[in-house]
Amino acid sequence: MSKPEAQVVVKNVWFAYDKKPVLKDINLIVQAGDFLALLGPNGAGKTTLLKIMLGLLRPTAGEVFLFGTEIHAFKKWELIGYVPQTATHFDPLFPATVWEVVAMALLAKKKPWARFKEGKKEGVLAALRVVGMEERKHEPISRLSSGQQQRVFIARALVNQPRILFLDEPTTGIDAETHEQFYNLLHYLNLEKKITIILVTHDIGIVNRHVNKVACLQENLIYHGTHDEFCRSQVFKDLVSQGNHVISHQH
């Protein structure tokens with residue numbers, strides 16, 4: 001059996017804010033089909049590393065490769081979907097409908113005068129269908145619950161049919177029942193749609209049935225491996241003993 005494709009490679013990455021190190025010598029490989037949870041306490045550098053992998057921040061030292069191409073030469077951004085922390089933080093009077101929010105991801109790539117083709121419209125509907133929001137397509141985004149809004153922003157990230165989906169603390173402000181539904185959706189995207197998922201989170205408890213890899217940061221990369229091994233590791237025990245909000249429920 002051939003080895004899975006290395007879709008993201010982080011090599012010897014360092015990063016500092018105002019000369020204060022945030023990430024130190026990070027080496028990480030994300031393979032096709034991974035569902036990776038990026039864990040660590042506040043200030044550990046999780047969001048910073050995610051932004052470096054997306055090319056939104058340039059590392060102080062080191063390299064990042066996407067699909068074998070150095071990130072600053074990478075052009076195929078349609079292969080990447082991204083749902084940032086602030087995805088649902090918008091003016092409650094924002095007038096866009098669900099359909100319009102998702103379609104923006106396509107319109108952003110078009111010239112202002114370009115015609116929105118019928119095939120693209122079907123792409124928007126298909127993305128909404130995947131996340132179970134097709135029937136709400138004409139509703140204002142501001143009238144939806146936070147969980148529904150997050151599903152819409154995932155549809156927006158999916159509309160270009162990416163091969164990797166990056167999510168930064170996507171369940172902040174979402175109740176426990178919606179958490180479960182949300183992670184079931186990510187599980188479906190990973191297993192059925194074959195989308196690699198990289199997820200920044202504080203809490204492994206609700207996702208442990210779905211993730212297959214864990215990377216744990218405390219400036220350095222202190223663990224990178226399977227979820228099951230992580231739950232048995234000294235790193236996990238140390239995090240719990242320090243009072244960090246990292247919870248595991250074995251299934």
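Because only heavy atoms are used, hydrogens play no part in the values below, and waters and symmetry mates are left out as well, while side chains stay in. Predicted, not measured: the structure shown is a model, and the values here were computed from it.
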>> For I154 and L189: C-alpha separation, side-chain torsions, deciding distance, then whether side-chain contact (heavy atoms from CB on, under 4.5 Å) applies.
In response: CA-CA 10 Å; I154 288 180; L189 294 174; 4.0 Å; yes
> Got a donor-acceptor contact below 3.5 angstrom from the N184 side chain to the E180 backbone?
Replying inline: yes
> Do W14 and L28 belong together in a cluster built from hydrophobic side chains that touch within less than 4.5 Å?
Replying inline: no
> Can K20 and E219 be counted as an ion pair, charged N to O under 4.0 angstrom?
Replying inline: no
> Hey, which of E135, E122, K137 is the one that makes side chain to side chain contact (heavy atoms under 4.5 Å, CB included) with R129?
Replying inline: E122
> Can you hop from V131 to L125 via hydrophobic side chains spaced under 4.5 Å?
Replying inline: yes
> Step by step, would you call V8 with F65 a side-chain contact (heavy atoms from CB on, under 4.5 Å)?
Replying inline: CA-CA 6 Å; V8 183; F65 297 84; over 6 Å; no
> Mind checking what makes ring pair (Phe, Tyr, Trp, His ring centres under 6.0 Å) contact with Y188, not counting sequence neighbours?
Replying inline: none
> For the residue pair H210 and H187, does the interplanar ring angle fall in the parallel (under 30°), tilted (30 to 60°) or perpendicular (over 60°) class?
Replying inline: tilted
> Given the rule in the side-chain contact (heavy atoms from CB on, under 4.5 Å) test, do L199 and Y183 qualify, once you have shown the distances and angles that lead to the verdict?
Replying inline: CA-CA 11 Å; L199 169 77; Y183 285 116; 3.6 Å; yes
> Yes or no on side-chain contact (heavy atoms from CB on, under 4.5 Å) for I198 and L38, after CA distance, side-chain angles and deciding distance?
Replying inline: CA-CA 7 Å; I198 301 173; L38 274 176; 4.2 Å; yes
> With respect to I164, which candidate in I80, L79, L36 satisfies the side chain to side chain contact (heavy atoms under 4.5 Å, CB included) definition?
Replying inline: I80
>> Could you tell me if the side chain of F182 sits less than 4.5 Å from the side chain of Q150, heavy atoms only?
In response: yes
> Do E139 and Q148 come within less than 4.5 Å of each other through their side chains, counting heavy atoms only?
Replying inline: no
> Are the side chain of N212 and the backbone N or O of D34 linked by a donor-acceptor pair below 3.5 Å?
Replying inline: no
Using a 3.5 Å cut-off and no angle test, enumerate the donor-acceptor pairs between side-chain atoms of residues 44-61 and protein atoms at least two apart in sequence or in another chain.
unit_1 : atom_1 : unit_2 : atom_2 : d
K46    : NZ     : G40    : O      : 2.9
K46    : NZ     : P41    : O      : 3.1
T47    : OG1    : Q85    : NE2    : 3.3
T47    : OG1    : D168   : OD1    : 3.0
T47    : OG1    : D168   : OD2    : 3.0
T48    : OG1    : Y17    : OH     : 3.4
R58    : NH1    : H72    : NE2    : 3.4
T60    : OG1    : A16    : N      : 3.1

>> Is there a path of hydrophobic side-chain contacts, each under 4.5 Å between heavy atoms, that joins M104 and L128?
In response: yes
> Judged by atom type as modelled, is there a donor-acceptor pair below 3.5 Å linking the side chain of N27 to the main-chain atoms of N12?
Replying inline: yes
>> Between W77 and V30, is there shared hydrophobic-cluster membership here, with clusters defined by ILVMFWY side-chain heavy atoms closer than 4.5 Å?
In response: yes
> Looking only at atom types and distance, does a side-chain atom of Q149 sit under 3.5 Å from a main-chain N or O of L144, one as donor and one as acceptor?
Replying inline: yes
> According to a 4.5 Å side-chain heavy-atom criterion applied to Ile, Leu, Val, Met, Phe, Trp and Tyr, with indirect links allowed, do V9 and V64 form part of one hydrophobic cluster?
Replying inline: no
>> Any heavy-atom pair between the side chains of T97 and H138 that's under 4.5 Å?
In response: no
> What pairs with E70 under side chain to side chain donor-acceptor pair (under 3.5 Å), at least two apart in sequence or on another chain?
Replying inline: none
>> Donor-acceptor check, side chain of T196 to backbone of G33, threshold 3.5 angstrom: yes or no?
In response: yes
